[in-house]
Amino acid sequence: MCGIVGFAGHEPCMDIIVDGLRRLEYRGYDSAGIAVDEGGTLRTARSEGKLDNLVKKLRLEPFYGTFGVGHTRWATHGRPTEDNAHPHRSGSVAVVHNGIIENHVELKAELRQKGYVFQSETDTEVIAHLVADFRAAGHDLAHAVFHAMSRLHGAYAIVVIDATEPGTLVGARLASPLVVGLGQGENFLASDVSAILARTRDIHFLEEGQLAIVKRDGVELRDATTFESLPLRPVHVTWTPAMAEKGGYKHFMLKEIHEQPRAVADTLRGRVSLERAEVVLPEVPLTREDLATASQIYLVACGTSWHAGLVGRYHFEDLAGVAVHVELASELRYRNAPIDDRTIVIAISQSGETADTLAAIREAKKKGAKVLSICNVIGSSIPRESVGTLYTHAGPEIGVASTKAFTTQLVALHLLAIHFGRLLGRLDEATARTELEALLHAPSLLEAALTLPGHDEPYIAIARRWHEAHSMLFLGRGNLYPIALEGALKLKEISYIHAEGQAAGEMKHGPIALIDERVPTVILNPRDAHFLKTRSNLAEVRARSGPVILVASADDPDAASHADHVLPIPAGIPSRLLPLVTSLPMQLLAYHMADFKGTDVDQPRNLAKSVTVE
Ligand code: AGP
């Protein structure tokens, strides 16, 4: 997501900061900026688009100051424009920020009343004015940030500088990463070690609620709730810069798999009101009237996003009592579907640039449909062509094989279905509250699934045994049928093994002919309403000597005796959250098979991250 690099030292900092930002480019961003103190005056430069646009500006008017801060922004609140790029200023104060300030609307109103003028559409600008306000009340910069933090709700990593207190950077974090780099006569703050590894490997990883006061000759650490002094605990990092970009993971895909608890928490953040048992979605401009008079609802997408739509259909039917058509964009656009001005189309896309999805929504708009979208990339084409967008906030997804983008889409669709159910009066308050409470546990369930003891072992054993398989089957029933499709897609994308996803009940209508001792079948069979039916399908596979890889609940005592390999998920997962949690073994299985085969996991052959051709 966004990147931060702050520097306090003896050398001119412009190039050092730009070099650090360059090392964060892999995270994806849409604008960049820098603020540098020039002998008591703060100079800033910002640009829309790539870092090179900023560099061109800086070449014309270079900065020579020795402390400053830079940022690459991945838009969340406000379009990716120069005005919205960081740093944001309030007089002599400049702030860069990663994350989301949830209470920015009320803070903005309060600060406006005090006379502060807002120049951007961002949530970040409130931090700059809030710090300036505490500075005006006589606090030094560290105390001003400390007091400002007590007013901020949400998730953030911030770095603040003030030209009237030269040489000091103040950094703080809550839920978004920030590290302190300890150099010789120079010190750093950065959102990611990779930004500063070229200059120091001695790193203090800021913990939740810690505040760092960084000067060129030293760093002080404070507790952000009490302002008590805390000891620095630097570690010497031995990662190479490339490893650091991947957070120590071997591939971006693996990193992104492990980011899912955080990504899903970001999709949910600020969108659930348990008190009112409602979903808070001001970005979805649909009234009860719109829904009640809609003739039909279409979910339109490609690839993995289409699989998310297939899971979404279960949510919409169960929670809102509405029927939805789930359509492949590449097919819908060529059909004469009866779309009219009472049709609601919801496009689902990670990139927001998929040509087929874009063409399908344009077609639907021509016929008068109201188009909404679920998307990860802010300001991309599909949101721009929609009347409202529910952003998934998964953060940049670099691996071509979609992982966290998929699970965050599932959560967005789940939220939307509850929202529709409430708007239509088909979901009562008590049921909605229970549903929302369960959904709020999704991040911890994913975390639990990723940290089961001995977690990687069965995947490695399967990869060793089956990496030369020519074909694999994936079976799932009910809301796990789309996960079987997704498991097969993941495997073929990155391991190049042919794979087919099937509805478990369809196996006997044809695919069963494929089964023999060389074709492993992955069966999604955790404890749910279909448990026994699917277990019978498993028996049918085994009766034909088919090897079985079983995704089972951890408390299933018979799992091991029914399968060649067991991929456990935590016990007791509510049925509606099973698609989310069982996505993890699908992703990990594909990952380990590909890694064992030595394919290019992050950039598999013939595939592109964003498919902008029809
Ligand atoms: C998923 O792993 C794929 N790489 C692919 O199927 C992808 O989901 C599809 O191209 C749609 O992309 P979008 O979500 O960006 O529209």
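Just so you know, residue 1 is the first one in the sequence shown, and it goes up from there. First listed ligand is number 1; within each ligand, the first listed atom is number 1.
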Would you say CD of Gln603 has more than 12 non-hydrogen atoms from neighbouring residues, nucleotides or ligands within 6.0 angstrom? no

Cut-off 3.5 Å, side chains only: do Asn376 and Thr392 have a donor facing an acceptor? yes

Does a salt bridge link Arg271 with Glu283, judged by any charged N lying under 4.0 Å from a carboxylate O? yes

Check Lys404 with Glu397, please: is the shortest side-chain N to carboxylate O separation under 4.0 Å? no

Can you tell me which residues line ligand 1 if we count any heavy atom under 4.0 angstrom from one of its atoms, in chain and number order? Cys302, Gly303, Thr304, Ser305, Ser349, Gln350, Ser351, Thr354, Val400, Ala401, Ser402, Leu489, Lys490, Glu493, Val611

Could Glu363 and Lys367 be called an ion pair, given the rule that one side-chain N must be under 4.0 Å from one carboxylate O? no

Do Glu259 and Lys255 meet the salt-bridge criterion of a basic N to acidic O distance under 4.0 Å? yes

